[in-house]
There are 2 protein chains.
Amino acid sequence: MPTTLGWTIKDWQQAYRDGAKPEELVGELLDCLDDADSAWISRLDKQMLNKATAELAKRLAAVGGDVEQLPLYGIPFAVKDNIDVVGFDTTAACPAFGYRPDKDAAVVRKLKAAGAIPIGKTNLDQFATGLVGTRSPYGAVPNTFKPEVISGGSSSGSASVVARGLVPFSLGTDTAGSGRVPAGLNNVVGLKPTKGLLSIDGVVPACRSLDCVSVFALTVNDAARATEIMAGFEPSDAFSRKPPASLPLDAPAIRRAGPVQRIAIPEAPLFFDDRQAEAAWNTVIGQWRQLNGAGIELVALDFGPLLELAALLYEGPWVAERHAAVEHFMAAHGDEMNAVVRGIIGNADKFTATATFKAQYRKEALLRQIDELLTDVDALLVPTAPIAPTIAAVKADPVTLNSRLGTYTNFVNLADFCALAIPAGFRDDGLPFGVTLIGGAWKDRELQAVAGQWLNAYPTTLGATDKPRPAEAIAYRQAVPTVQVAVVG
Amino acid sequence: MPTTLGWTIKDWQQAYRDGAKPEELVGELLDCLDDADSAWISRLDKQMLNKATAELAKRLAAVGGDVEQLPLYGIPFAVKDNIDVVGFDTTAACPAFGYRPDKDAAVVRKLKAAGAIPIGKTNLDQFATGLVGTRSPYGAVPNTFKPEVISGGSSSGSASVVARGLVPFSLGTDTAGSGRVPAGLNNVVGLKPTKGLLSIDGVVPACRSLDCVSVFALTVNDAARATEIMAGFEPSDAFSRKPPASLPLDAPAIRRAGPVQRIAIPEAPLFFDDRQAEAAWNTVIGQWRQLNGAGIELVALDFGPLLELAALLYEGPWVAERHAAVEHFMAAHGDEMNAVVRGIIGNADKFTATATFKAQYRKEALLRQIDELLTDVDALLVPTAPIAPTIAAVKADPVTLNSRLGTYTNFVNLADFCALAIPAGFRDDGLPFGVTLIGGAWKDRELQAVAGQWLNAYPTTLGATDKPRPAEAIAYRQAVPTVQVAVVG
């Protein structure tokens, strides 16, 4: 076990302030990684580490040796293997698809510029198609609490290495829940930012119009810090967005700026007979109600239109975006793909252009219903995953269980919401339980503030380690202001 | 010829102030309409007029007889026959498709509430598919200056009846130029508002994600007035939009608020060997340069990315939106459709869901290039239509000429721009020449202000009448402010 096990960003920073060297600390960490660990697809070797620390030394010299100017100096992180990092193949968990990128993904470039060191590429459901963590030729990733249970996916490896405290944060991607489901099943934070806040430049697309880079971390503080460093408009990425100058005053509360106080929960939450999850949810809801001193109020709503939107993503033509991403590869190498993934992406054939536009119209109509439903609530609170099946159960029924796992995640990107999956105690069987806060685009900071309130009130140990949770220190701050208009000109 | 020929809204208002009665003035107008006029598909009869004026009398009574509270009291207008008006069939120029609506389109409802009287439904290229005005079983609509020349379309009839001064304004629709091309070819104003500003509730869709209700009028004042009255969010219409609280300060100039001063013109404008159009354009550009006292500056730019976006709409999967709109009708009654229109919409079959998403990605990438290109310009100025072919020429080559007509209109809605087609003098052959101002969404008012400057400096007679053009009185006003942010909370 490395010395650094379960360290947060702050712990790493303290060690460097106390005189530790990146080559030593990260070197020791690399020595402790297990070759048989299915969470990794590739890892930094000694030579690559030397190169990385030499680059880091140059960066430090360039800022006059002032470590404070490299906010992630020497901090190791892991990267889902559908995101480009120079020196590693990008496989998307499909070896035949693998390629060696000649530049870093925009988000990786920014993390490196801040001093962070990518120490490896992590396993995933192939082409980020799945919420289970079992659809990979590199092996199923076991749950960090119970190895017979799934890790969740598709960012299975990135969640696993954070939960076990190997790195303080990692990058995932999240199209339909891939950055949240595995966070929930492994007791870590999964930050799914507003679409376009983090660039998808250098990321293998799943559904390009919906894809987000996401962050796993042990704490909200760390997830927020990494996000802040990666944020920013990338002109080369057509899906990158600048935050608006302000959020409208006349939008539904879910899309207006302001502190998260009135929170909607599903009136009749679905757990598909998972009594443990249901019991955990009921406990958690009771605890959230105790936060009313902090101004929190829960409101039960009929989530019908949200679930219908989720089904539209799951069953509708958006699967053709996955096909668009791998069309040529699949035509030539379909037999080298995971059979379940190939079957899913193959469904793109069923949808015409006409059906696509009709589904997009349906989406717009549902968004109207959703905005109406959420006129008076600042955010949603949902179970991150309603079930926690075993790997064996998923292998026996790979599609149904996967679909159930996405019940509370699938609708989020289609609705232009941001989300934050956070730990929320444990089920009676010892598995972690997670909840997710969801709000309108650009309300990331608002979600983080209320998540911090929750974690400070009901802390759990960090990930699958036995380390106690430090206090979250994120104060309420509007990511994007609601403005009083002062006309210019 | 009716007394009211060539009257603007102000002229009608003055007549009512002077004691005229709607039943008399509109009655006389209806008596003058010609049964053989292919601009009309249906018109108000005497019985319907009595009903309309009785309703109007009730409205007036409801506001205590105060005509000022009905800003369009007794003013007749025409409606393109793909927009629902109670009492008329909606045919979309396809009799077999026709139906009798049980409520008015949202825009018609608002005009009626302001006191206006719809006097008839106008001819169009069937299902608003065309820019020519010839694709209708109700006959080709002749140009109001030279009957052997096309009127332009698809809103052929609505442009024609305004150009001839029968009504002060009319409603069209505009997906790819249908509200601009016929304005340009008939010396009237064609206002294509920001997408979503006017609801498309009660409009037969062409491409729902792009469709706009548009306005034809003799003056910018009148087009702007009608637009203002019809504007407003409609919750039932998933494509209706609220104006943002502000436009961003860090957007390219084309999408920022502010007066229109730096205007881009195409570096190498295309006229497809139409020397008359080319000469008119060169004259007009010279005149615009003389407006530099008003702060106007012209900048020649390479319009490549804009033309590529135009081609993407014309040749890409958006045709499947037209198919989505008439899918069931076409399956059962394809043989009752115009053959050219059927052929075009039938192209939807060529596009898969995968191709649709890929084209949407290409669109996003082009928008980035376009925003880069237009970083420093407040608006575009283009020929409204680069050619003015005869009806015979279009019948001989219905697709190529149609495509050329859309050179400077096709890209506008895909790019989320607003546009304003305005008269700009005459060609040597006596046909009118038009130019179009184009700006980012929500800059409608800014375009109107600069259009007014132009028309005041270089007035032409109104439409195809010999009436002199009154002064335009639209002052610069930001439709949506750019704000200095004053954080709340």
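Bear in mind that the values here come from a model prediction, so they are computed numbers and not experimental data. Numbers restart at 1 for each chain; the letters A, B, ... are given by sequence-line order, proteins then strands.
Taking the side chain as every heavy atom from C-beta outward, B/Thr352 and A/Phe351 never approach each other to under 4.5 Å. Counting heavy atoms from C-beta on, the side chains of B/Lys358 and A/His323 never come closer than 4.5 Å.
Of residues 193-203 of chain A, no residue lies under 4.5 Å from chain B by any heavy-atom pair. Scanning residues 364-375 of chain A against chain B with a 4.5 Å non-hydrogen threshold yields A/Glu364, A/Ala365, A/Arg368, sorted by number.
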Please list, one pair per line, the donor and acceptor atoms closer than 3.5 Å that link side chains of residues 310-322 of chain A to other protein atoms, with sequence neighbours excluded.
from	atom 1	to	atom 2	distance (Å)
A/Tyr314	OH	A/Val399	O	3.3
A/Glu321	OE1	A/Arg208	N	3.3
A/Glu321	OE1	A/Ser209	N	3.0
A/Glu321	OE1	A/Ser209	OG	3.2
A/Glu321	OE1	B/Tyr361	OH	2.4
A/Glu321	OE2	A/Ser209	OG	2.7
A/Arg322	NH1	A/Ala128	O	3.1
A/Arg322	NH1	A/Thr129	OG1	3.0

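Surrounding NZ of A/Lys242 are more than 12 heavy atoms belonging to other residues, nucleotides or ligands, all under 6.0 Å away.
A/Ser236 does not touch chain B: none of its heavy atoms, backbone or side chain, sits under 4.5 Å away. In this structure, chain B has a heavy atom under 4.5 Å from the backbone of A/Asp237, while its side chain stays farther away. Using a 4.5 Å cut-off between heavy atoms, A/Pro235 contacts chain B through its backbone alone, with no side-chain atom that close. With a threshold of 4.5 angstrom between heavy atoms, B/Thr356 approaches chain A through side-chain atoms but not through N, CA, C or O.
Residues satisfying the side-chain hydrogen bond (donor to acceptor under 3.5 Å, both in side chains) criterion with B/Lys363, sequence neighbours excluded, are absent altogether.
Of all the listed residues (B/Ala359, B/Ala348, B/Ser240), the one sharing the greatest number of non-hydrogen pairs under 4.5 Å with chain A is B/Ser240.
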